[in-house]
**Q** 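The following block contains the structure, expressed as structure tokens.
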Amino acid sequence: MRHYPVFLDLTGRTIVVSGAGEVAVAKLRLLLKTEARIVVCGTDPDPAVSDWARQGRIDLIEGPVAAGHVDGAVLVYGANGDAALDASAAELGRAAGVLVNIVDNLEDSDFITPAIVDRDPVTVAIGTEGMAPVVARGIKARLEEMLPARLGDLVRIGGGFRGRVEQLSSKARRAFWSKFYFETGPDAFAEGAEAARDELERMLAEGVEVRRGFVHLVGAGPGDPELLTLKARRLLHEADVVIHDRLVSKEILELARREATVLEVGKKGFGPSWSQSDINALMIGHARDGDRVVRLKGGDPTVFGRLDEEIEALTSAGVPCEIVPGITAASAAVASIGQSLTKRGRNTSVRFLTGHDVAGFADQDWRSLAHEGATAAIYMGVRASEFLRGRLMMHGARPDTPVTAVENASRPDQRVIATTLLDLPHALEAADPEGPVMLLLGVAPRAVASVPEEARKAL
Ligand code: SAH
């Protein structure tokens, strides 16, 4: 793009046109639409130029352009239809630091005037870098047909209401104006300006569907779409924006509407990730735009989901939010091996542990976990497996304590690795899991027919 289009504010600025004949008249017709002060320098003025001068619409100076005329001007046109006269006007202009256009001489011009479709204040400028004026004219003719002759008047009426519509959220504003300009406004305007104003008043009184942004912090469950709650499924379907972690499965994301914006902010293992403050800003930004945001997290958002940071950020930004629980990976993993998390006679409590926390491998109450029958669901435990084994055995856990690792619980690629505390690190290393893994301490798979097919194969 050699020529960059801009719309120049000419109010109260001076434009100098060198030349007062036919060539100048063509330029002046357009320039007279602006609010500029127009100075025309030339001899033998065209009758139209003389008329404009008499009407006070231009200042006509009979004679060639001089340095004093161009001083302080914003544009200079060489419109004499005479190369020598135009060149000297251009030289004066440039000496004064003013942008110069020589009519029909692209090479010696600093700027060019585009073809224009004028529905002031709607103005369409068309340029072809001077390469194909016919193309510009063709486009102009089509646009002239396409844009109603009184579009400008309609826009001016709308413009008068901008202040009042400004009160709405940016999303509601967009909805308001597109309804007015593309649906109700043109019909009303066909009956006159008053009818168009009445329509705007009516729309303001009735209100467009003004939605307040809202964030639902939704549990996506462990992966199987059928393990979504009905509420999660409905909210996904209604969302304008879905912001999800990497753990959320593709099948679940497909439940979002096609028009929804779906953004992944996940982090892979210990790899680079979105910072929490960027995620917060993203949610808040969309909610402020009036979007229905679903913040989708794997499993249950309240379990190792860094939920509180997000709720606090939303609350302090004044964005309303709600938690929608989901099925946590521990429930899915234990179900997949036909067991329960609590069992009469075995354990009266179950613990949800994380293998690592912000400070590294997470410390726990090892003594009580080492007891026979103690049951725990260990999230993010693969890397910590050796550490876990060491701590538990140090506190007296039996080496043959059952541990079951479930990779991709509830997903088609689910894998069950049944082992013992002693063999845990080795079994994990041999299995080399790629998906998320739940370690179930104190439970072995139940070897019965109710165990799902995939799990049975892996046993
Ligand atoms: N909020 C989630 C947990 C997030 S922490 C929930 O409630 O499930 C991430 C850890 O969850 C993973 O490292 C893994 O230990 C576990 N996890 C998540 N989905 C899993 C799945 N489908 N199978 C096994 N473990 C899973």
**Q** Give the C-alpha distance, both sets of side-chain angles, the deciding distance and a yes or no for side-chain contact (heavy atoms from CB on, under 4.5 Å) between Leu228 and Leu236.
**A** CA-CA 10 Å; Leu228 272 178; Leu236 256 177; 4.3 Å; yes
**Q** Check salt bridge (Lys or Arg N to Asp or Glu O under 4.0 Å) between Asp153 and all other residues, then give those that pass, not counting sequence neighbours.
**A** Arg150
**Q** Ignoring hydrogens and angles, tell me if any N or O in the side chain of Asn105 forms a donor-acceptor pair with the backbone of Asp108 under 3.5 Å.
**A** yes
**Q** For Phe387, what residues pass the ring-ring contact (aromatic ring centres under 6.0 Å, His included) criterion, not counting sequence neighbours?
**A**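 Phe387: ring-ring contact (aromatic ring centres under 6.0 Å, His included) contacts with Phe361, Trp366.
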**Q** Which residue, Asp245, Ile243, Leu253, forms the side chain to side chain contact (heavy atoms under 4.5 Å, CB included) with Leu296?
**A** Leu253
**Q** Write out all pairs satisfying ring-ring contact (aromatic ring centres under 6.0 Å, His included) with one or both partners inside residues 98-117, taking only residues at least two apart or from two chains.
**A** Tyr77-Phe111
**Q** Under the salt bridge (Lys or Arg N to Asp or Glu O under 4.0 Å) rule, what pairs show up with a residue in residues 384-404, not counting sequence neighbours?
**A**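 Checked against salt bridge (Lys or Arg N to Asp or Glu O under 4.0 Å) - neighbours excluded - the pairs reaching residues 384-404 are Arg398-Asp400.
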**Q** Rounded to the nearest 0.5 Å, what separates atom CG in Asp291 from atom CE in Met283?
**A** 13.5 Å
**Q** Answer yes or no: is there a side-chain heavy-atom contact under 4.5 Å between Val437 and Ile417?
**A** no
**Q** Determine, for Arg2 against Glu107, whether the closest basic-nitrogen to carboxylate-oxygen distance falls under 4.0 angstrom.
**A** yes
**Q** Do Ser368 and Arg351 pair up side chain to side chain, a donor and an acceptor below 3.5 Å, judged on atom types alone?
**A** yes
**Q** Tell me whether Asp120 is salt-bridged to Lys33, with the criterion being a basic N under 4.0 Å from an acidic carboxylate O.
**A** no
**Q** Thinking salt bridges, do Glu310 and Arg306 make one under a 4.0 Å N-O criterion?
**A** no
**Q** Does Phe161 have any ring-ring contact (aromatic ring centres under 6.0 Å, His included) partners at least two apart in sequence or in another chain, and if so, which?
**A** none
**Q** Looking at Ala317, is its backbone amide N or carbonyl O close enough to the side chain of Arg288 to form a donor-acceptor pair, meaning the two atoms are under 3.5 Å apart?
**A**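 Yes, the answer is positive, given that a donor and an acceptor are paired below the 3.5 Å cut-off.
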**Q** Give every residue pair that meets the salt bridge (Lys or Arg N to Asp or Glu O under 4.0 Å) criterion with at least one member in residues 420-441, sequence neighbours excluded.
**A** none
**Q** Quick test of your reading: applying ring-ring contact (aromatic ring centres under 6.0 Å, His included), list the pairs with at least one residue in residues 304-351, sequence neighbours left out, ordered by first then second residue.
**A** Phe304-Tyr379
**Q** Would Glu199 and Lys179 satisfy salt bridge (Lys or Arg N to Asp or Glu O under 4.0 Å), going step by step from the backbone distance to the final call?
**A** CA-CA 11 Å; Glu199 172 57 17; Lys179 185 164 179 200; 6.0 Å; no
**Q** Just by modelled atom types, is the Ala444 backbone N or O under 3.5 Å from a matching donor or acceptor in the Gln339 side chain?
**A**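 Yes.
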**Q** Answer yes or no: does atom CD of Glu226 have more than 12 heavy-atom neighbours from other residues, nucleotides or ligands under 6.0 Å?
**A**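 At most 12 heavy atoms, drawn from other residues, nucleotides or ligands, come within 6.0 Å of this atom.
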**Q** Does any non-hydrogen side-chain atom of Pro325 lie less than 4.5 Å from one of Thr229?
**A**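 No, every pair of side-chain atoms sits at 4.5 Å or beyond.
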**Q** side-chain contact (heavy atoms from CB on, under 4.5 Å) between Thr375 and Thr342: does it pass, once the steps are laid out?
**A** CA-CA 8 Å; Thr375 305; Thr342 60; over 6 Å; no
**Q** Applying side-chain contact (heavy atoms from CB on, under 4.5 Å), name anything that partners Glu145, two or more places apart in sequence or on another chain.
**A**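 Glu145 satisfies side-chain contact (heavy atoms from CB on, under 4.5 Å) with no residue once adjacent residues are dropped.
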**Q** ring-ring contact (aromatic ring centres under 6.0 Å, His included): which pairs involve residues 220-240, sequence neighbours left out?
**A**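 Not a single pair qualifies under ring-ring contact (aromatic ring centres under 6.0 Å, His included).
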**Q** For Thr14, give me all partners under side-chain contact (heavy atoms from CB on, under 4.5 Å), at least two apart in sequence or on another chain.
**A** Val16, Arg37, Val39, Ala73
**Q** Partners of Thr11 by side-chain contact (heavy atoms from CB on, under 4.5 Å), sequence neighbours excluded?
**A**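 Thr11: side-chain contact (heavy atoms from CB on, under 4.5 Å) contacts with Asp9, Glu35.
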**Q** Determine whether a donor-acceptor pair (N or O, by modelled atom type, separation under 3.5 Å) exists between the side chain of Arg292 and the backbone of Phe214.
**A**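 No, because the side chain of Arg292 does not come within donor-acceptor range (under 3.5 Å) of the backbone of Phe214.
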**Q** If you measure from the Lys or Arg side-chain nitrogens to the Asp or Glu carboxylate oxygens, is any gap between Glu144 and Lys140 under 4.0 Å?
**A**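 Judged by the 4.0 Å cut-off on N to carboxylate O distance, Glu144 and Lys140 do form a salt bridge.
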**Q** For Leu424, run the side chain to side chain contact (heavy atoms under 4.5 Å, CB included) check against Thr401, Val403, Thr404, Leu392 and tell me which one passes.
**A** Val403
**Q** Go through the structure and list residues passing salt bridge (Lys or Arg N to Asp or Glu O under 4.0 Å) with Glu322, not counting sequence neighbours.
**A**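 Testing Glu322 for salt bridge (Lys or Arg N to Asp or Glu O under 4.0 Å), a comparison that skips the adjacent residues, returns Lys231.
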